[in-house]
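These values consider heavy atoms only, across backbone and side chains, with no hydrogens, waters or symmetry-generated copies. The chains referred to below are lettered A, B, ... by the order of the sequence lines, with proteins before strands, and numbering in each begins at 1.
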There are 2 protein chains.
Amino acid sequence: MGNSNLYKGSLTTIILKLLNENDKMYGYEITQKVKELTKGELKITEGALYPSLHKLEADGLLDVEVMKVDNRLRKYYKLTPDGTKETAVKLADLETYIKTMQALVTPKLRFD
Amino acid sequence: MGNSNLYKGSLTTIILKLLNENDKMYGYEITQKVKELTKGELKITEGALYPSLHKLEADGLLDVEVMKVDNRLRKYYKLTPDGTKETAVKLADLETYIKTMQALVTPKLRFD
DNA sequence: TTATATGCATAAGAAAATTATGTATATATT
DNA sequence: AATATATACATAATTTTCTTATGCATATAA
């Protein structure tokens, strides 16, 4: 995903959070929204996004609704009740991660 | 590493930062220090740690010094000049990652 | 007419971890 | 005396998650 490998493992969190805010979104819309919200810092690739959406659906966290808009296909995803629960879990995990990393990293830097 | 998959990709950052603070450390010491600093939240596995140390050494970011203490082997690692530079890069990446994720995730949660 | 944008998808490969072992010494426990 | 735990290193097999490359299809801008 991002320019740094730190983003590995955060895609699911990002998808769930966006769907928690936006009720229903389709894949391409997610890529654009992420680009916009991060001012271009994070660009989600389709090769990562679509398999991830499929897995979330298979795991029962997302529901799909296929629509045709302007003669183009769209697959709208929305959270299931389990998906909403999992969103809270993932966001708590992210907070813990950030606090833990800050505990490890916050101390003074040295330049010898 | 951790209980959440968000830690994927942060091991190098953690190792470099600890060595930046502590001058020289050996592998087992790093696992214990991380457990202590994170109050048990993060447990680095040897299967992740040792290959990572070897790679950092191969990349010229760490130097090794083998010692025998109490009849047991220790491999002390310390930052090379390149390693010190890379530490600053990795820490900047981490800050960017945290800010980016907060930009994506900070908005209001919903519980339908 | 050619490139860019929109919209989905998958396959091959790389990177980074987990899990499972293996070796060896020292100390604490039963 | 035997066994478990702690210390200390290492690697191999597998899994997860991503990148890169490719493919199909329609719409719009250059």
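Taking the side chain to side chain donor-acceptor pair (under 3.5 Å) definition, one finds that N3(A) meets it with E41(A), sequence neighbours left out. Applying the ring-ring contact (aromatic ring centres under 6.0 Å, His included) rule to Y26(B) yields the partners Y76(B); only residues at least two apart in sequence or on another chain are considered.
For the pair Y7(B) OH and dT15(D) C1', the computed distance is 20 Å after rounding to whole Å. Following rounding to the nearest Å, K35(B) (NZ) and dA8(D) (C1') show an atom-to-atom distance of 13 Å. The distance from atom CD of E29(B) to atom C1' of dC9(D) is 15 Å, rounded to the nearest whole Å.
Listed by first then second residue, pairs satisfying ring-ring contact (aromatic ring centres under 6.0 Å, His included) with a partner in residues 3-23 of chain B read Y97(A)-Y7(B), not counting sequence neighbours. Listed by first and then second residue, the side-chain hydrogen bond (donor to acceptor under 3.5 Å, both in side chains) pairs involving residues 28-39 of chain B amount to none (not counting sequence neighbours). Listed by first and then second residue, the side-chain hydrogen bond (donor to acceptor under 3.5 Å, both in side chains) pairs involving residues 42-52 of chain B amount to none (not counting sequence neighbours).
Look at Y26(B) and you'll find a side-chain N or O under 4.0 angstrom from OP1 or OP2 of dA8(D). OP1 or OP2 of dA16(C) has at least one side-chain nitrogen or oxygen of N5(A) nearer than 4.0 Å.
Contacts between residues 41-74 of chain B and DNA chain D, defined by a heavy-atom separation under 4.0 Å, are made by E46(B), G47(B), Y50(B), P51(B), H54(B), R72(B), L73(B), R74(B).
Residue order along DNA chain D, read from the 5' end via each residue's closest nucleotide, puts Y76(B) first among K8(B) and Y76(B). Heavy-atom nearest nucleotides on DNA chain D were determined for Q32(B) and for K75(B), and the one closer to the 5' end corresponds to Q32(B).
Remark: D93(B) does not engage K90(B) in a salt bridge, criterion side-chain N to carboxylate O under 4.0 Å.
The residue T12(A) sits apart from the nucleic acid: no heavy atom pair falls under 4.0 Å.
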